[in-house]
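Everything numeric here is computed off the predicted structure, so don't read it as measured data. We name chains A, B, ... by the order of the sequence lines, and we start the count at 1 in each one.
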Number of protein chains: 4
Amino acid sequence: MTLRIIATGGTFDKHYDPLTGTLGFRDSVLPAALQRARMAQQGERREHRCVFEPLLALDSLDMRDEHRQHILQACQRAPEHQIVIVHGTDTMRDTAAVLGAAALQKTIVLTGAMVPYLIDDSDAFFNLGFACACAQLARSGVYIAMNGQLFDWDNVQKNRAQGCFEVLR
Amino acid sequence: MTLRIIATGGTFDKHYDPLTGTLGFRDSVLPAALQRARMAQQGERREHRCVFEPLLALDSLDMRDEHRQHILQACQRAPEHQIVIVHGTDTMRDTAAVLGAAALQKTIVLTGAMVPYLIDDSDAFFNLGFACACAQLARSGVYIAMNGQLFDWDNVQKNRAQGCFEVLR
Amino acid sequence: MTLRIIATGGTFDKHYDPLTGTLGFRDSVLPAALQRARMAQQGERREHRCVFEPLLALDSLDMRDEHRQHILQACQRAPEHQIVIVHGTDTMRDTAAVLGAAALQKTIVLTGAMVPYLIDDSDAFFNLGFACACAQLARSGVYIAMNGQLFDWDNVQKNRAQGCFEVLR
Amino acid sequence: MTLRIIATGGTFDKHYDPLTGTLGFRDSVLPAALQRARMAQQGERREHRCVFEPLLALDSLDMRDEHRQHILQACQRAPEHQIVIVHGTDTMRDTAAVLGAAALQKTIVLTGAMVPYLIDDSDAFFNLGFACACAQLARSGVYIAMNGQLFDWDNVQKNRAQGCFEVLR
């Protein structure tokens, strides 16, 4: 079984630019993170493999319908049935809704981070591990994996005051 | 649902002692790691909670039958049905075998790390996230979660030359 | 001999705020950094001690004349003759000029960082060590210590294209 | 002016080996550390440059007379007058005594770390910055730079109980 990991940007993947003093995008941190997680290791007895696809590098507040269609198409054309999408948290739910409505016969797990991978005390690497397990174990559907919890795409919201995700009802 | 996370020591939890120049055990890193992962956050809409139990602080090469019985008893007396055990990698399989033979009606996931949580480029935080998802999603049984893969307790071995876990057959 | 370390904000001391997704100020990182450097340790044979003064928490682009006077007054009233000022890099030279013109009989070293202390691959901790040595060893005067070099306050500029400090001539 | 930085091993430069679970030596961390400190940057207005020399990779308890002669020869043949030596803390004083007795007309600063550069909360990067400033500013002689203090080679000892360096008298 192979797991596809798609980068779309978001807080998870932000870098600090010393020349401008702002956070933005460069090459994704995901290849190094997957190496560090030993997900990228190949071996004859490895049952699970992963492939990485750098699709977008956007702040999720800048993500529009066309970008969401682009993500949907990436999920549709992927030969894998297990997909993790690293995405900004602000509109993760909107992208999940587009993917959920498409009802693909795949397990698609969106995750992200409250603090960038490269900043002290980041939740990113934990979330990536959590999401990779969910993509392997949950039945077909579209999910959001944040703060150690797996949410159905149509029963989740970001609690902006507390900086975490929670069920709607 | 509540997830119980049991520390038993192992590479995951080793600290560097500047006075002796060696790696050993102090207070577990797990409470801080769970806070960082936002697993420890409480909220009225939190469906999943986690409790932390510092049971042992041993190098897994020093773990004997009595320690494994101690871990088994901790799993038996836990009110939770979802348990993550942080354990050294060298004898993780032996402890998993003791727990597997007991056939508890719980999902018990052993995880650990190839590099301590507090050392650069550690896999620990990813593995913890991966294991927390597995404990929530896998059916009852005893598992080992390492390098982004979930293994049945009776079909796994540590490949010491490559520093990863793999299936037996 | 005692070294006074004065925080005024700047990139060095920026924290990531997960609720807003921006970099800003909270409690200074300097007390923890000095502990980590073992500068804060007390002992009967310690000849050098350090005191920490959290004076301002400003982006240096927001620093105005009144703030620079405030920093000057802090240097004047300090009983110590060795002072390190942690400051934003963009207007570090302007503050140095105000302090230089005052011609105090003290060694005052301004330092900062191109990448915040709490972000991966930061130069902050090195710069702090470099500046603490300069404050102990350089003769009275006002200096800027960045990228492993000590500059006189009236012969230095920030090269914004390369992200480093250099002499004027 | 050019600064020579000589690696000899020691705690500063230890790496964790995931296959053996022990701390040992691989390629020195110093080239990456100097890059991070922006010491390695070249520019037409850079007055200070640094060169790196990987001489030894030894635990300082394993360092014998022949190794100390080897370090002395490296200092003698170096064209630079400012030298930083990264060295284990346990016998740093012994090496400093060999170099001190040779009375070269150079400023030689030995530094090291109580916690390896690659381990959480390490003092290494601060010490490196501190030592690089001392080598540029102190008059000819042999020194030990640790815990934010510069010591003459013949008036310093490691306090093993507290994990810091202090004057003898």
Q.
Any salt bridge linking R49(D) with E80(D)? Criterion: basic side-chain nitrogen under 4.0 Å from a carboxylate oxygen.
A. no
(Q) Which one wins on heavy-atom pair count under 4.5 Å against chain D: P116(B), G21(B), A161(B)? (A) P116(B)
Q) Is it the backbone or the side chain of I119(B) that comes under 4.5 Å from a heavy atom of chain D, or both, or neither? A) both
Q. Which bit of A113(B) comes within less than 4.5 Å of chain D, counting heavy atoms only: side chain, backbone, both or neither?
A. neither
**Q.** Distance under 6.0 Å and angle within 45° of ring axis: R4(D) vs F52(D)
**A.** no
Q | Under 4.5 Å from a heavy atom of chain B, the part of L23(D) involved | A | side chain
Q. Within a radius of less than 6.0 Å around CG of D27(B), do more than 12 heavy atoms belonging to other residues, nucleotides or ligands occur?
A. no
Q: Pick out which of R64(B), K158(B), R68(B) makes a side-chain hydrogen bond (donor to acceptor under 3.5 Å, both in side chains) with T91(B).
A: R68(B)
